[in-house]
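First the proteins, then the strands, lettered A, B, ... as listed; each starts at 1.
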Amino acid sequence: MGPDLLGRILARRLGDGTLLTARIVETEAYQQDDPASHSYRGRTNRTEVMFGPPGHAYVYFTYGMHHCVNVVTGSSGEGSAVLLRAAEPLEGLEEMARRRGTDDPRALCSGPGRLCQAMGIARNENGVDLVRGRELWLLEGSPVPASGIGVGPRVGITSGTERPWRFSVRGDRYVSRVRPAEPVRGSR
DNA sequence: CGTTGGATTGGCT
DNA sequence: GCCAATCCAACGC
């Protein structure tokens with residue numbers, strides 16, 4: 001499911017009518033049978049949306065300051081989702097720059113926290129229908145052929161790193177910074 | 001209840 | 001390269 005979202009467009013309509021769009025270039029898949037997934041330990045208040053119908057947004061808050069947005073993928077009761085990690089800003093760059101505090105187009109949506117900040121996605125958007133929604137939704141865009149997709153280990157997790165479920169558009173300049181593979185870090 | 005640490009980022013050494 | 005920021009979900013007592 002992760003690779004299918006590459007090349008799709010994420011659209012956002014702000015309260016004042018401003019339209020923001022971005023082309024998804026990097027994703028990560030999370031499944032219920034996956035120690036790295038929030039759904040691994042079953043249904044909770046936070047993960048409830050992950051277990052709901054597909055095509056909805058699962059938005060969570062982390063590190064005390066960042067939001068991340070996922071597309072719920074499995075059927076109801078399943079607990080799987082795809083994290084949107086990076087996108088190429090297409091429309092509304094000025095507004096995104098204002099929200100991000102930088103003009104650099106590569107720093108607007110390249111990273112899960114950055115993407116949410118640029119597009120004004122927060123807990124308010126948790127659970128919204130990304131197919132029929134009018135504030136946050138997905139457009140078909142142009143799916144990326146398999147030959148143009150890169151696969152690798154997921155980023156920022158301490159377990160489940162052996163699952164190669166990070167997908168990106170190969171060579172795309174808006175893919176987020178790849179961290180070194182070396183994960184051995186002692187204290188917190 | 002109290003504790004722990006996180007699907008990150010940006011700034012400083 | 002390293003680490004603080006800063007909230008809160010999950011888990012243990």
Side-chain angles (χ1 to χ4, degrees), chain A residues 1-6 10 22 24-52 54 56-74 78-89 96-128 130 136 150-169 173-188:
Chain A
M1 292 276 112
D4 298 334
L5 284 167
L6 297 176
L10 183 65
I24 298 166
V25 298
E26 181 183 347
T27 64
E28 278 179 6
Y30 287 87
Q31 313 235 330
Q32 194 172 347
D33 165 22
D34 174 3
S37 175
H38 291 167
S39 58
Y40 182 62
R41 289 167 199 281
R43 237 180 234 254
T44 67
N45 195 54
R46 176 174 66 153
T47 62
E48 187 56 31
V49 175
M50 280 185 88
F51 290 87
H56 288 240
Y58 165 50
V59 182
Y60 66 90
F61 182 68
T62 191
Y63 288 104
M65 53 182 75
H66 301 294
H67 294 273
C68 296
V69 61
N70 295 248
V71 179
V72 175
T73 52
E78 201 179 300
S80 56
V82 170
L83 170 70
L84 304 184
R85 283 198 57 90
E88 171 190 358
M96 292 184 191
R98 200 169 304 133
R99 289 169 177 270
R100 288 277 304 120
T102 174
D103 280 346
D104 180 357
R106 296 179 65 181
L108 295 179
C109 305
S110 295
R114 292 170 164 187
L115 174 66
C116 285
Q117 190 183 17
M119 300 190 73
I121 299 168
R123 287 232 275 288
N124 229 3
E125 282 63 56
N126 189 37
V128 303
L130 292 168
L136 183 66
V151 184
R154 293 173 295 179
V155 179
I157 55 176
T158 52
S159 58
T161 50
E162 73 285 356
R163 307 194 186 199
W165 288 349
R166 173 174 180 262
F167 307 96
S168 58
V169 178
R173 68 192 252 105
Y174 293 96
V175 170
S176 74
R177 172 174 65 105
V178 183
R179 276 172 244 269
E182 191 283 309
V184 186
R185 295 209 42 216
S187 52
R188 133 183 242 321

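Close to B:dT8, at under 4.0 Å from its OP1 or OP2, lies a side-chain N or O of A:Arg85. An OP1 or OP2 oxygen of B:dA7 is reached within less than 4.0 angstrom by a side-chain nitrogen or oxygen of A:His38. The phosphate of C:dA10 has OP1 or OP2 within less than 4.0 Å of a side-chain N or O from A:Thr44. Of the side-chain N and O atoms in A:Arg123, one or more sit less than 4.0 angstrom from OP1 or OP2 of C:dC8. For B:dT9, neither phosphate oxygen OP1 nor OP2 lies less than 4.0 angstrom from any side-chain nitrogen or oxygen of A:Arg100.
Nucleotides C:dC3 and B:dG5 are separated by 15 Å at their C1' atoms, to the nearest Å.
Here the P atom of nucleotide C:dA9 and the OH atom of A:Tyr58 are 10 Å apart, to the nearest Å. The CG atom of A:Leu115 sits 13 Å away from the C1' atom of B:dA7 (whole-angstrom rounding). As a whole-Å value, the separation of A:Gln117 CD from B:dG10 P is 7 Å. Whole-Å rounding puts the A:Arg46 CZ to C:dC8 P distance at 12 Å. Computed from coordinates, the A:Leu5 CG to B:dA7 P distance equals 20 Å when rounded to whole Å. The distance between atom CE of A:Met50 and atom P of B:dA7, rounded to the nearest whole Å, is 11 Å. Atom CZ in A:Phe61 sits about 19 Å away from atom P in B:dG5, given to the nearest Å. Going from atom CE of A:Met65 over to atom C1' of B:dG5 covers 14 Å, rounded to whole Å.
Closest to the A:His66 side chain, of the nucleotides B:dA7, B:dT9, B:dG6, is B:dT9.
A donor N or O paired with an acceptor N or O is not found under 3.5 Å between the base of C:dA9 and the side-chain atoms of A:Tyr60.
Nucleotide B:dA7 is matched to nothing when pairs are restricted to Watson-Crick or G-U wobble geometry with both distances under 3.5 angstrom. Nucleotide C:dT6: unpaired (no Watson-Crick or G-U wobble partner with both distances less than 3.5 Å).
One finds the NE2 atom of A:His38 at 7.5 Å from the CE atom of A:Met50 (value rounded to the nearest 0.5 Å). Interatomic distance, A:Phe51 CZ to A:Glu78 CD, rounded to the nearest 0.5 Å: 9.5 Å. Residue A:His67 holds its NE2 atom at 10.5 Å from OG1 of A:Thr62, rounded to the nearest 0.5 Å. How far OG of A:Ser39 is from CD of A:Gln32: 5.0 Å, rounded to the nearest 0.5 Å.
The residue A:Arg114 sits close only to the backbone: its heavy atoms come under 4.0 Å of sugar-phosphate atoms, none of a base.
Comparing A:Tyr63 and A:Arg41 along DNA chain C, the residue whose closest nucleotide (by nearest heavy atom) sits nearer the 5' end is A:Tyr63.
Each of A:Met96, A:Arg100, A:Glu26, A:Arg114 was compared with A:Cys109 under the side-chain contact (heavy atoms from CB on, under 4.5 Å) criterion, and only A:Met96 meets it.
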